[in-house]
Amino acid sequence: MYGIIATWRMALEGISEAADMLKKSADAGDSIETAIRAVEDFEFYKSVGYGGLPNEEMEVELDAAFMDGDTLDVGCVGAIKDFANPVSIARMLSKEPVNNFLVGAGAEKYAHRHGFERKNMLTERAKTHYHNRVKETTENTELKPYSGHDTVGMVCLDDKGHMTAATSTSGLFMKHAGRVGDSPVSGSGFYVDSEVGGASATGLGEDVMKGCVSYEIIRLMKEGKTPQEACDIAVNTFDKELKKRRGKAGDMSLIAMNNKGEWGVTTNIEGFSFAVATENEEPTVYLVK
Ligand code: ASP
């Protein structure tokens with residue numbers, strides 16, 4: 001059995017490419033990297049890679065991660081600027097013996113040293129969004145992070161039972177320089193164990209990180225829950241917990257797949273879309289109402 005599941009409609013083209021590879025017995029690492037790169041490269045997705053929305057200083061700072069479910073290798077970049085494919089840098093970092101999570105200038109030095117493609121990730125369209133946003137904000141109002149932030153997060157299973165997870169995002173629009181969300185943080189934005197399954201998150205990183213929600217889903221699947229049960233329990237319990245303790249809970253949408261290719265999704269928002277392809281299912285987009 002092979003399969004791939006991803007957050008948001010924007011992942012459809014990428015997972016379709018990955019599904020074609022998986023059909024030909026490609027590895028889960030190569031397939032997920034191809035799928036995420038497709039989203040990073042597409043200029044009109046304004047929350048990932050090229051064309052991603054900038055921070056409050058009009059700089060595009062990107063977060064990404066890659067995890068191998070066989071070895072549990074994790075590689076991550078945070079707040080990296082001017083590189084085309086953060087997920088590929090994260091994947092290379094996952095193979096290092098130490099120094100697996102690099103941020104800012106250190107991540108850029110590493111990427112440069114290893115010959116990754118440099119690119120100005122700020123598009124004219126993203127600049128227009130930025131300027132409109134600044135205009136909307138009066139002098140007295142603080143710039144607030146835009147609430148429609150989206151991360152592409154994926155979990156992949158190949159026909160040899162190898163699983164991977166990966167994420168990529170420009171994080172919150174109008175975030176502070178140097179802000180890093182949940183997406184490159186293991187256990188929060190993603191987690192995968194080939195002996196169980198994987199999960200990935202999109203939503204308000206500051207809240208997802210309070211609950212290590214991706215890891216919680218893997219833990220529940222390990223106890224025997226289906227991906228859908230695990231997602232429901234993890235997301236709904238933590239959503240309630242946040243509301244009890246803090247009076248509110250940020251957006252949280254989680255996807256999961258186990259090592260049999262069964263999948264599940266839970267969200268606390270209206271209108272979350274996700275994309276799935278498996279051996280038994282053509283690439284399909286679903287909308288959760
Ligand atoms: N989780 C991301 C972050 O907080 C944003 C998102 O997924 O919408 O950076």
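The model shown is predicted, which means the values in this text are computed figures rather than measured ones. Start at 1 and go down the list; that is how both ligands and their atoms are numbered. The residues of the chain are indexed from 1 along the displayed sequence.
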[X], any N or O under 3.5 Å of ligand 1 N or O:
X	result
Asp150	yes
Asp63	no
Leu204	no
Asp182	yes
Gly203	yes

Does atom [atom1] of [X] have more than 12 heavy-atom neighbours from other groups under 6.0 Å away?
X	atom1	value
Glu195	CD	no
Lys95	NZ	yes
Arg125	CZ	yes

Contact summary for Gly78 and Phe101, nearest pair of heavy atoms: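 The pair with the smallest heavy-atom distance is N-CE2, 4.0 Å.
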Below 4.0 Å, non-hydrogen atoms only: which portion of Ala201 touches ligand 1? Side chain, backbone, both or neither.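 Under 4.0 Å from ligand 1, Ala201 contributes no heavy atoms.
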Would you say the ring centers of Phe272 and Trp8 fall short of 6.0 Å from each other?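 Close enough - the centres of the two rings lie under 6.0 Å apart.
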Ring centroid separation for Tyr110 and His114, is it under 6.0 angstrom?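 Centroid distance Tyr110-His114: below 6.0 Å, so yes.
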Of all the heavy atoms in Arg179, does at least one lie under 4.0 Å from an atom in ligand 1?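 Distance cut 4.0 Å: Arg179 passes for ligand 1.
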With atoms numbered from 1 as shown, which atoms in ligand 1 lie under 4.0 angstrom from a non-hydrogen atom of Thr202?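 With Thr202 as reference, the close atoms of ligand 1 come out as 6 (C), 7 (O), 8 (O).
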Provide the number and element of each atom of ligand 1 under 4.0 Å from a heavy atom of Ser183.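 Once the distances to Ser183 are compared, the set is 1 (N), 2 (C).
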Taking the inter-plane angle between the rings of His129 and Phe173 on a 0 to 90° scale, is it parallel (under 30°), tilted (30 to 60°) or perpendicular (over 60°)?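 Taking Phe173 first and then His129, their aromatic rings stand perpendicular (interplane angle over 60°).
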